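A short write-up of the structure that comes next.
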Amino acid sequence: MSTATAANVQVKLPDGTLVEHPSDATSLDVARAISEGLARSVIAAEISEGIVDAARPLGELATDNQPIELKLLTSRDEAALSVLRHSAAHVMARAVMRLYEGVSLAFGPVTEGGFYYDFELDEKISEEDFPKIEAEIKKIIKDKEPFERFIVDRAEARKLCDDLDQDLKVEHIDTGLADQATVSFYRQGEFIDLCRGPHIPDAGKIKAIKLMSVAGSHWKADTAGRQLQRLYGTAFFDKKELKAYLEQIEEAKRRDHRVLGKQHGLFAINPEVGQGLCLWLPKGARVRVALEDFLRKELLSRGYDPVYSPHIGRVEMYETSGHFPYYRDSQFAPLFGSEVGAMLDAWSQKLEQGTIDRDGEEKLIEAAKVFGVELPNYKLSAAPEAKQNVLHEWQLVNERYLLKPMNCPHHCQIFKAQQRSYRQLPLRLFEFGTVYRHEQTGELNGMLRVRGLTQDDAHIFCTADQVEHEFRATIELTQFVLRSVGLDDYSVQLSLRDPNSDKYVGSEQNWNQAEGALRGVLEQSGLTFNEEEGEAAFYGPKADFMVRDCIGRSWQLGTVQLDYNLPERFKLEYNGRDNQAHRPVMIHRAPFGSLERFTGMLIEHFAGAFPLWLSPEQIRVLPLSDKSLDYAVAVAKQLDEAGLKVTVDSSGGKVQAKIRNAQLDLVNYMAVVGPKEAETGMVALRDRIDGDLGSMPTAEAVARLKQEIQSRQVRQVVQTSFAAAAVDSDAIGNEY
RNA sequence: GCUGCUGUAGCUCAGUGGUAGAGCACUUCCUUGGUAAGGAAGAGGUCAUGGGUUCAAGUCCCAUCAGCAGCUCCA
């Protein structure tokens, strides 16, 4: 029985104590009743419905007669950082509006590392303007004005935004918020913004804030829509955390795989070869070979069969799979057996888009004749679809090829190439398959996003009963692979379809079955995973591994995808125990994702200093002087025969210089050899991390290195961690 | 693809409309050494490409190409 009256509310604190306050009291009052110091440090409050302003009257928060379960959030709570940052976005927007004329506000949400606010204004903001904006921000913070929340109905809100000349907000009230009866605003001094909140009690809580960058963006993410300016910033509860964050950014820059890749001769991309086409230089290729050999051996021992497929395939096959029409814009244009092919292709597309008239068609028919192509069945009066069919008939006979954009259709054809029995299932086909995708120029990024990439691809064909076991096995394989390269911090994102979108193919039943199977295995696995609607591939749900590297950045690496659709489209069948034809289920999986992206990520993760088993140069022999060069070469031969990646430094300098160069080249071990070693058949081993290890027989050095390689030991030169950096930006939704 | 910024020696970068620069790397010579830089000399440039303005363009303007950041996208 609650003792709360209409004028009082009961509050239950996390330790279980019950306190009673007047219903117009706020979380700040609750804190004040405990201690003044707590009241000063309260940022926001958490109740069962989510995070709310510490300044909200408790009476508004009570849903029924039950006590409010209230947790006071201070700077120590992770969720409080998002509240702070969103409030910082308001402060920044306020400063910008004070300094510039005609600022139209868009959205100002929290991001992983900070916050941004999108503005529409005529004047271009540049980084040179940051000091004056930051100065204005400091003034606002110094005034310690409170954030005040108020609620109005939609019509009133629309008028308020209109009066404030905030046309983007007006548009949003008319469209995005059309179903809301009332909306909330926050006022801070002269600054009023349509906002769901929550906010910090006053701007004085922002102890460290910095503008980071300015960039273009689009209103509601529509590239055809209005162009906005996006101002990025970050904020923290104290200056030390900001400093640590800025250091992390610097560290990330130092680890940039494009810089390290060039510096250490790992890979190159140049415009003469083509945008997004990666050249693996010898040292980078050695890393790749180590990864490939490792995975190939592992897959062979786990019941996979190696296969190979060509780099091009007929367009019709990709039409069957559904990829060709779906990804038309991000594929390289089809290759044609005849020059007229491209013309017919463009012709067909114009028919589809309705961008051709009778005159144009007649010209094209004439042009086709010039190429010797007669189209007697092409009737000008026919429907566009019928005309397309005529063109398509010609295209069927006169082959069109696509640079292979994915391996799945080929592997489906390999499944089909032989009669299949349930006894052969699961059939696991793997290939380091190189595929080509015409990614937009703006997407390209070193090795991380390229136009030609090699997937460590495999497709498992199995019965519905085997799905769960196979899915579990691929999850385990991925975990094993990640562990082997020293990546231990990861979670899984389960990507599901958006039931309201028409982007997805296949039956409702198949989708439910597939999604249920993935969820079930993940639940049993004990892995932490989150579900994302609308992130699935068009043919099936997927589980992606989100991996955190050693400086706290998150990467999407390995993927496992379930697919009931391609087997259907390719009419794949196996003969069951019942002697009936059955349709197999298909699992797509790639623990690395692509060799390019994975290697690029590893370069950044290890800052270019690969663990011994992946290292392109495991040991370098350093002769003390030319007098010891012959012995050095003999030692190198011994190391090479033992299977180690070894080089000799035959340059003329002093051994100190050779050591320095080897250290800078990130060679794992150095074998210093002089007259003393030559006499006794020894090497003076030096570790790049621990330094001089003393003299030992060459065989002992070999054994030591072989052991480290075999155990795939990961010894990082640089181990850094930045606790303060990342915030889960989904943890709080401050935008409508 | 869109917006903005950038493009000078192999690399990192200086360079005021008036003779193209530095450090590292490279080549040659000297030095022959014991755990993070020995010394000297030399070579290396269509200043991204194409136009334009100007007596004169690496420098100012335009276009193209490429890179970077962000947006959008990622089978």
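Just so you know, these numbers come straight off a predicted model, no measurement behind them. Chain naming here is simple, since letters A, B, ... match the order of the sequence lines and numbering starts at 1 in each.
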Over all strands shown, is [X] touching base, sugar-phosphate only, or nothing at heavy-atom distances under 4.0 angstrom?
X: A:Ala662; answer: nothing
X: A:Gln656; answer: sugar-phosphate
X: A:Arg230; answer: sugar-phosphate
X: A:Gly653; answer: base
X: A:Lys676; answer: base
X: A:Ser330; answer: base
X: A:Gly442; answer: base
X: A:Pro409; answer: nothing
X: A:Gln331; answer: base
X: A:Gln556; answer: nothing

Counting side-chain heavy atoms from C-beta on, which of [options] comes nearest to [X]?
X: A:Arg660; options: B:A36, B:A75, B:G33; answer: B:A36
X: A:Glu677; options: B:U12, B:G34, B:A75; answer: B:G34
X: A:Arg258; options: B:U32, B:C68, B:A36; answer: B:C68
X: A:Gln561; options: B:G1, B:G33, B:A75; answer: B:A75
X: A:Val672; options: B:U35, B:G70, B:G1; answer: B:U35
X: A:Ala657; options: B:U72, B:G70, B:G38; answer: B:G38
X: A:Leu624; options: B:G34, B:A36, B:C74; answer: B:G34
X: A:Ser625; options: B:C73, B:U32, B:A75; answer: B:U32

Spacing between [X] atom [atom1] and [N] atom [atom2], to the nearest angstrom:
X: A:Leu622; N: B:A36; atom1: CG; atom2: P; answer: 11 Å
X: A:Glu439; N: B:G1; atom1: CD; atom2: P; answer: 13 Å
X: A:Leu557; N: B:C74; atom1: CG; atom2: C1'; answer: 14 Å
X: A:Tyr232; N: B:G70; atom1: OH; atom2: P; answer: 7 Å
X: A:Ile659; N: B:A37; atom1: CD1; atom2: P; answer: 9 Å
X: A:Asp118; N: B:U3; atom1: CG; atom2: P; answer: 16 Å
X: A:Asn270; N: B:C68; atom1: CG; atom2: P; answer: 13 Å
X: A:Arg449; N: B:G70; atom1: CZ; atom2: C1'; answer: 15 Å

- Item | Side-chain touch A:Gln663/A:Met670, heavy atoms, less than 4.5 angstrom |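 A:Gln663 vs A:Met670: side chains touch.
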
Using atom [atom1] in both nucleotides, what's the gap between [N] and [M] to the nearest angstrom?
N: B:A56; M: B:G18; atom1: P; result: 14 Å
N: B:G10; M: B:U49; atom1: P; result: 13 Å
N: B:U32; M: B:C68; atom1: C1'; result: 47 Å
N: B:G21; M: B:U16; atom1: C1'; result: 15 Å
N: B:G67; M: B:C11; atom1: C1'; result: 16 Å
N: B:G4; M: B:C61; atom1: P; result: 15 Å
N: B:C24; M: B:C2; atom1: P; result: 43 Å
N: B:C26; M: B:A63; atom1: C1'; result: 37 Å

Measuring to OP1 and OP2 of [N], would you say a side-chain N or O of [X] lies under 4.0 angstrom away?
X: A:Ser213; N: B:A69; answer: no
X: A:Lys542; N: B:A75; answer: yes
X: A:Gln275; N: B:A66; answer: yes
X: A:Tyr669; N: B:U35; answer: no

Please give the nucleotide sitting opposite [N] as a Watson-Crick or G-U wobble pair, both distances under 3.5 Å, or none.
N: B:G45; value: none
N: B:U54; value: none
N: B:C74; value: none
N: B:U32; value: none
N: B:G21; value: B:C13
N: B:G67; value: B:C5
N: B:U59; value: none

Given the structure, check if the side chain of [X] and the base of [N] hold any donor-acceptor pair shorter than 3.5 Å.
X: A:Thr441; N: B:A66; result: no
X: A:Arg451; N: B:C74; result: no
X: A:Arg437; N: B:C74; result: no
X: A:Gln229; N: B:U3; result: no

- Task: Give me the one residue out of A:Gln561, A:His588, A:Arg428 that meets side chain to side chain donor-acceptor pair (under 3.5 Å) with A:His459.
- Result: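 Result for side chain to side chain donor-acceptor pair (under 3.5 Å) with A:His459: A:His588.
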
- Quickly, which of A:His410, A:His411, A:Lys404 forms a side chain to side chain donor-acceptor pair (under 3.5 Å) with A:Asn407? Name it, please.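 Passing option: A:Lys404.
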
- Query: Does A:Thr111 reach the main-chain N or O of A:Gly114 with its side chain, forming a donor-acceptor pair under 3.5 Å?
  - Reply: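 Indeed, once roles are kept as given, a pair shorter than 3.5 Å links the two residues.
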
- A:Asp456 side chain vs A:Gly593 backbone, donor-acceptor pair below 3.5 Å: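 Here the side-chain-to-backbone pair exists.
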
- Item | Nearest-0.5 Å distance that lies between atom CZ in A:Phe324 and atom CD in A:Gln331 |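 Rounded to the nearest 0.5 Å, the CZ-CD separation comes to 6.0 Å.
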
- Pi-cation contact, A:Tyr116 with A:Arg230 (under 6.0 Å, within 45°):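 Flagged: A:Arg230 positioned over aromatic ring of A:Tyr116.
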
- Message: Among A:Leu666, A:Leu644, A:Asn668, which residue satisfies the side-chain contact (heavy atoms from CB on, under 4.5 Å) criterion with A:Ser615?
- Response: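 The single option meeting the side-chain contact (heavy atoms from CB on, under 4.5 Å) with A:Ser615 is A:Asn668.
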
- Please work out which of the three classes, parallel, tilted or perpendicular, describes the rings of A:Phe267 and A:His257, given edges at 30° and 60°.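 Taking A:Phe267 first and then A:His257, their aromatic rings lie parallel (interplane angle under 30°).
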
- Item | A:Phe415 and A:Phe461 aromatic ring geometry - parallel, tilted or perpendicular at 30°/60° bounds |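 Plane angle between 30° and 60°, so tilted.
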
- Query: If you find the nucleotide of RNA chain B closest to A:Gly694 and the one closest to A:Asn445, which residue's nucleotide is nearer the 5' end?
  - Reply: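 First, find each residue's nearest nucleotide; the 5'-ward one identifies A:Gly694.
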
- Nearest-nucleotide wise, let me know which of A:Gly274 and A:His588 is further upstream toward the 5' end of RNA chain B.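 The residue whose closest nucleotide sits nearer the 5' end is A:Gly274.
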
